[in-house]
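Data block below; observations after.
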Amino acid sequence: MQESSTIKHSNSGRSRNFIEESIEEDIREGKNKGRVHTRFPPEPNGYLHIGHAKSICLNFGLGAKYKGLTNLRFDDTNPVKEELEYVDSIMEDVRWLGYDWGDRLYYASDYFEQLYEYAVILIKKGKAFVCDMQADEISATRGTPKRPGKESPYRNRSVAENLDLFERMRAGEFPDGARVLRARIDMASPNMHMRDPILYRIIHAAHHRTGDTWCIYPMYDFAHGQSDSIERITHSICTLEFEVHRPLYDWLIREIEIYAPRQIEFARLNLSYTVMSKRKLLKLVQEGHVNGWDDPRMPTISGLRRRGYTPDSIRNFAELIGVAKRDNVIDVSMLEFCIREDLNKRANRIMGVLNPLRVVIDNFPEGVVEEMEAVNNPEDPDAGTRRVPFSREILIEREDFMEDPPDKFFRLAPGREVRLRSAYIVRCESIEREPVTNIVTTIHCTYDPTTRSGMPNSNRKVKGTLHWVSAPHALESEIRLYNRLFRVPDPDDTEEGKSFKDYLNPDSLRVVTGYLEPAILTAKPGEKFQFERVGYFCVDKDSSGTNLVFNRVVPLKDSWTKAGG
RNA sequence: UGUCCGAUGGUGUAACUGGCAACACGUCUGACUCUGGAUCAGAAGAGUCCAGGUUCGAGCCCUGGUCGGACAACCA
């Protein structure tokens with residue numbers, strides 16, 4: 001099965017979103033000579049999730065749509081939080097989604113020297129100063145959103161003293177937290193970010209890329225905008241919470257007198273029945289509520305990948321949900337729709353029974369095995385056919401039999417006929433039970449030898465078609481049935497005294513043994529199948545040899561149980 | 001008595017920039033079907049947060065409210 005190859009930029013007649021309108025307006029006005037250059041700027045302090053996927057698709061999509069470029073840049077300005085492991089996983093995820101940054105892999109840490117010089121420029125202009133206050137003092141004098149802050153007593157140091165102190169900060173003369181470099185803007189600004197924000201802090205810690213070269217590190221606000229500027233990014237697409245930072249970025253760029261990108265903010269993605277904050281996801285991992293960042297229940301890209309989501313389905317999802325500035329919560333059913341739509345077209349079918357009930361076909365000769373020919377994918381004629389062994393004893397789904405069924409039950413019941421998919425029509429003749437519990441243990445059927453699929457008499461109408469597997473040939477596999485991780489649509493909305501973890505779904509993972517067609521044996525990790533009438537499943541990396549492990553990607557739509565069946 | 005942003009069916013996004021609200025998901029019918037899947041046909045569901053104003057005409061413009069979100073880490 002082909003996973004994903006080329007990305008189509010159909011433009012599909014879809015109306016332009018507000019970002020595209022802004023970009024086209026800029027192009028019309030001749031800004032940047034019509035050039036479009038975007039970037040995806042993650043901090044390597046965690047794994048990417050579906051919300052990042054939205055941003056990745058947006059940025060790389062825009063770059064492609066306007067025949068421009070898109071960079072990958074790690075905003076790695078905080079050595080104590082960032083790790084190489086995250087850098088690697090982020091690159092893998094972006095690539096897996098189908099995007100290519102070419103030779104434009106950058107790190108904010110690549111610009112540390114340049115950033116330092118920018119800081120010196122500000123100091124020389126009297127626009128930045130070294131402040132000796134402690135963190136708590138700075139915090140206390142910053143004021144509140146409603147009350148102005150107080151100016152630092154160090155605010156009016158001479159340029160020469162500031163220059164000297166800043167140089168000595170860099171040289172490592174002071175311990176962590178002793179001093180910071182701050183912009184000199186306006187402590188009374190209604191925008192908190194303009195109240196003499198901190199530009200540089202002292203951190204004696206090794207950086208994953210620059211090692212011990214630096215002991216002062218720029219704050220995100222002093223690195224991000226200028227990094228975009230250095231890379232000549234034309235459109236800095238980011239989420240809403242950075243809207244308030246924009247005046248600061250503009251101020252910095254104006255004072256330093258460098259190229260000014262245009263920042264456009266959009267609303268981040270929220271998904272129902274899950275959490276999206278890195279902090280909360282990290283907590284789920286650390287406290288063992290899930291089995292790692294790539295647990296198939298996680299909304300991380302690696303989790304979705306392991307679950308069995310395809311890059312195409314995620315890209316299509318990003319396209320479908322659109323982009324705007326208002327807060328939004330996308331229903332998971334939208335995501336599920338995207339993966340069903342994709343897998344329906346590309347996943348080969350196979351039969352697998354998850355909750356087996358033994359069926360003996362009394363008039364079928366003992367010891368005989370017939371090879372049935374089954375269509376691999378009715379949606380794709382090129383997918384071909386396969387052989388499925390059929391014998392006297394088969395397994396069907398326990399839910400596909402009812403002793404005393406309601407009218408609308410189209411499956412097996414005493415005296416009733418059903419079609420066994422790709423095989424014969426059978427009739428239920430009798431039932432065997434366990435004497436004490438009275439539980440049905442075996443169904444006895446007879447088959448009609450003239451109704452084998454493909455035979456002239458095979459199109460006789462019967463109400464239902466069942467999937468099955470030959471009992472002696474069945475391959476036992478571990479099947480992991482995943483459900484939503486949380487019981488409530490919005491786990492972030494917590495009642496008094498509760499945390500999001502109180503809403504975890506205790507039934508988010510159920511492990512069962514499945515009995516599968518032997519043809520599945522050659523399946524490789526990552527491969528996806530539709531278990532007919534059941535759902536889509538993906539071979540997990542925990543598989544080994546003949547011990548296959550499957551993750552349920554998503555069940556098939558089921559109008560029978562939904563109708564109360 | 002803060003600043004900024006937002007408000008359109010259950011959800012999300014549109015409405016050619018002022019011309020009687022569309023598309024997708026979801027929901028519900030029906031057809032078809034060797035997957036109660038897929039496919040096909042159809043339906044219900046908003047009169048655009050509220051109140052004024054401008055206009056022949058307002059979801060789009062103006063004014064004033066209301067509600068929601070963001071902002072007070074030496075995080076990003």
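Not measured: the values here are computed from a predicted model. Below, each value reflects all heavy atoms present in this structure, side chains not excepted, and no hydrogens, waters or symmetry copies. Sequence lines set the chain letters: A, B, ... in the order given, protein chains first and strands last, and positions in each chain run from 1.
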### Message
I'd like to know if A:Asp400 and A:Arg533 make a salt bridge, using a cut-off of under 4.0 Å between side-chain N and carboxylate O.
### Response
yes

### Task
Decide side chain to side chain contact (heavy atoms under 4.5 Å, CB included) for A:Ser89 and A:Tyr47; before the verdict, give the C-alpha distance in whole Å, the side-chain angles of both, and the deciding distance to 0.1 Å.
CA-CA 7 Å; A:Ser89 80; A:Tyr47 280 67; 3.4 Å; yes

#### Entry: Mate of B:U66 where both pairing distances stay under 3.5 Å, Watson-Crick or G-U
B:A7

### Message
Suppose you measure atom C1' in B:C20 against the same atom in B:C67; what distance do you get, rounded to whole Å?
### Response
29 Å

### Of A:Lys146 and A:Pro41, the one whose closest RNA chain B nucleotide lies more 5'
A:Lys146

### Message
Just the rounded figure in Å: distance from P of B:A76 to OH of A:Tyr217.
### Response
12 Å

### Query
Checking only heavy atoms, does the side chain of A:Gln530 share a donor-acceptor pair with the base of B:U35 at less than 3.5 Å?
yes

## Note on the structure
Any strand, both distances under 3.5 Å, Watson-Crick or G-U wobble: B:G2 pairs with B:C71

### Query
Salt bridge check: are A:Glu319 and A:Arg14 linked by an N-O gap of less than 4.0 Å?
yes

#### Entry: Given B:A14, B:C75, B:U35, the nucleotide with the shortest approach to the side chain of A:Glu43
B:C75

### Task
Show your working on side chain to side chain contact (heavy atoms under 4.5 Å, CB included) between A:Thr446 and A:Tyr424 and close with a plain yes or no.
CA-CA 10 Å; A:Thr446 53; A:Tyr424 296 101; over 6 Å; no

### Query
B:G47 and B:G30: how far apart are their C1' atoms, nearest whole angstrom?
29 Å

### Query
With a 4.0 Å cut-off, would you call A:Glu417 and A:Arg427 a salt bridge?
yes

### 5' priority, RNA chain B, between A:Asn377 and A:Val329 [closest heavy atom]
A:Val329

### Query
Which whole number of Å gives the distance between the P atom of B:G57 and that of B:A44?
31 Å

### Task
Looking at every strand, decide which applies to A:Ser422 at a 4.0 Å heavy-atom threshold: base, sugar-phosphate, or nothing.
base

### Message
I want to check one thing: is the phosphate of B:A76, taken as OP1 and OP2, less than 4.0 Å away from some side-chain N or O of A:Thr77?
### Response
yes

### Task
Using atom CD of A:Glu319 as one end and atom P of B:G12 as the other, report the distance to the nearest whole Å.
18 Å

### Message
Nearest whole Å is fine: how far is B:G37 P from A:Arg533 CZ?
### Response
11 Å

### Message
I need the CZ-P distance between A:Arg16 and B:U17, as an integer number of Å.
### Response
10 Å

### Message
Less than 4.0 angstrom from a charged side-chain N to a carboxylate O is my criterion; do A:Asp380 and A:Arg346 meet it?
### Response
no

### Query
Using a cut-off of 4.0 Å on non-hydrogen atoms, how would the nucleic acid contact of A:Phe409 be classed: base, sugar-phosphate, or nothing?
base

#### Entry: Residues in side chain to side chain contact (heavy atoms under 4.5 Å, CB included) contact with A:Ile27, at least two apart in sequence or another chain
A:Ile23, A:Val36, A:Tyr66

### Query
When you compare B:U1 with B:U8, how far apart are their P atoms, in angstrom units rounded to a whole number?
28 Å

### Message
Please report the distance, rounded to the nearest Å, between CG in A:Asp186 and P in B:G2.
### Response
18 Å

### Separation of the P atoms in B:A51 and B:U13, to the nearest angstrom
25 Å

### Message
Just the rounded figure in Å: distance from P of B:A76 to CD of A:Glu82.
### Response
7 Å

### Query
Could you state the NZ-C1' distance from A:Lys325 to B:A7, rounded to the nearest angstrom?
13 Å

### Message
Could you check whether A:Arg168 makes a cation-pi contact with A:Phe174, meaning its NZ or CZ is under 6.0 Å from the centre of the six-membered ring and within 45° of the ring axis?
### Response
no

### Query
Is the base of B:G47 syn or anti, where syn means the angle lies within 90° of 0?
syn

### Query
Heavy atoms under 4.0 Å, any strand shown: does A:Val323 hit a base, just sugar-phosphate, or nothing?
sugar-phosphate

### Task
Go ahead and name the base partner of B:G12; Watson-Crick or wobble counts if both distances stay under 3.5 Å, otherwise write none.
B:C23

#### Entry: cation_pi(A:Arg209, A:Tyr107) dist<6.0 Å, angle<=45
yes

### Task
Mind checking A:Pro378 for me? I need base, sugar-phosphate or nothing, with any heavy atom below 4.0 Å counting as a touch.
base

### Query
Which one is paired to B:C61, where only Watson-Crick or G-U wobble pairs with both distances under 3.5 angstrom count?
B:G53

### Query
Should A:Arg411 and A:Glu397 count as an ion pair when the cut-off is N to O under 4.0 Å?
no

### Message
For a 4.5 angstrom cut-off between non-hydrogen side-chain atoms, does A:Phe531 reach A:Tyr536?
### Response
no

### Query
Hey, does the Lys NZ or Arg CZ of A:Arg182 hover above the aromatic six-ring of A:Phe129, less than 6.0 Å from the centre and inside 45° of the axis?
no

### Message
For the residue pair A:Lys463 and A:Phe410, would you count it as a cation-pi contact if the rule is NZ or CZ under 6.0 angstrom from the ring centre and within 45 degrees of the ring axis?
### Response
no

### Query
Has the side chain of A:Glu265 got a donor or acceptor atom sitting under 3.5 Å from an opposite partner on the base of B:G6?
no

### Query
Is there a donor and acceptor pair, one atom on the side chain of A:Arg326 and one on the base of B:U8, closer than 3.5 Å?
yes

Between protein and nucleic acid, restricted to nucleotides 26-31 of chain B and to nitrogen or oxygen atoms under 3.5 Å apart, what atom pairs and distances do you find?
{"from": "B:U27", "atom 1": "OP1", "to": "A:Lys562", "atom 2": "NZ", "distance (Å)": "2.8"}

### Query
Looking across every strand, which nucleic acid part, if any, lies under 4.0 Å from A:Glu25 by heavy atom: base, sugar-phosphate, or nothing?
nothing

#### Entry: Presence of A:Arg246 side-chain N/O under 4.0 Å of B:C5 phosphate oxygens OP1/OP2
no

### Query
Glycosidic conformation of B:U17, syn or anti, with 90° from 0 as the boundary?
syn

### Task
Check the distance between B:G37's P and A:Leu466's CG and give it to me in whole angstrom.
14 Å

### Task
Quote, to the nearest angstrom, the C1' distance that separates B:A22 from B:C16.
13 Å

#### Entry: Span that lies between the P atom of B:G64 and that of B:U27, in whole angstrom
44 Å

### Message
Using a 4.0 Å heavy-atom cut-off to protein, can you give one letter per nucleotide of nucleotides 66-74 of chain B, 5' to 3': B if the base is in contact, S if only the sugar-phosphate is, - if neither?
### Response
---SSSBBB

### Message
Please confirm whether the shortest side-chain N or O distance from A:Arg14 to OP1 or OP2 of B:A24 is below 4.0 Å.
### Response
no

### Message
Rounding to an integer number of angstrom, what distance separates B:U54 and B:C62 when you compare their P atoms?
### Response
15 Å

### Query
Under 4.0 angstrom, heavy atoms only, what part of the nucleic acid is A:Gly46 near: base, sugar-phosphate, or nothing?
nothing

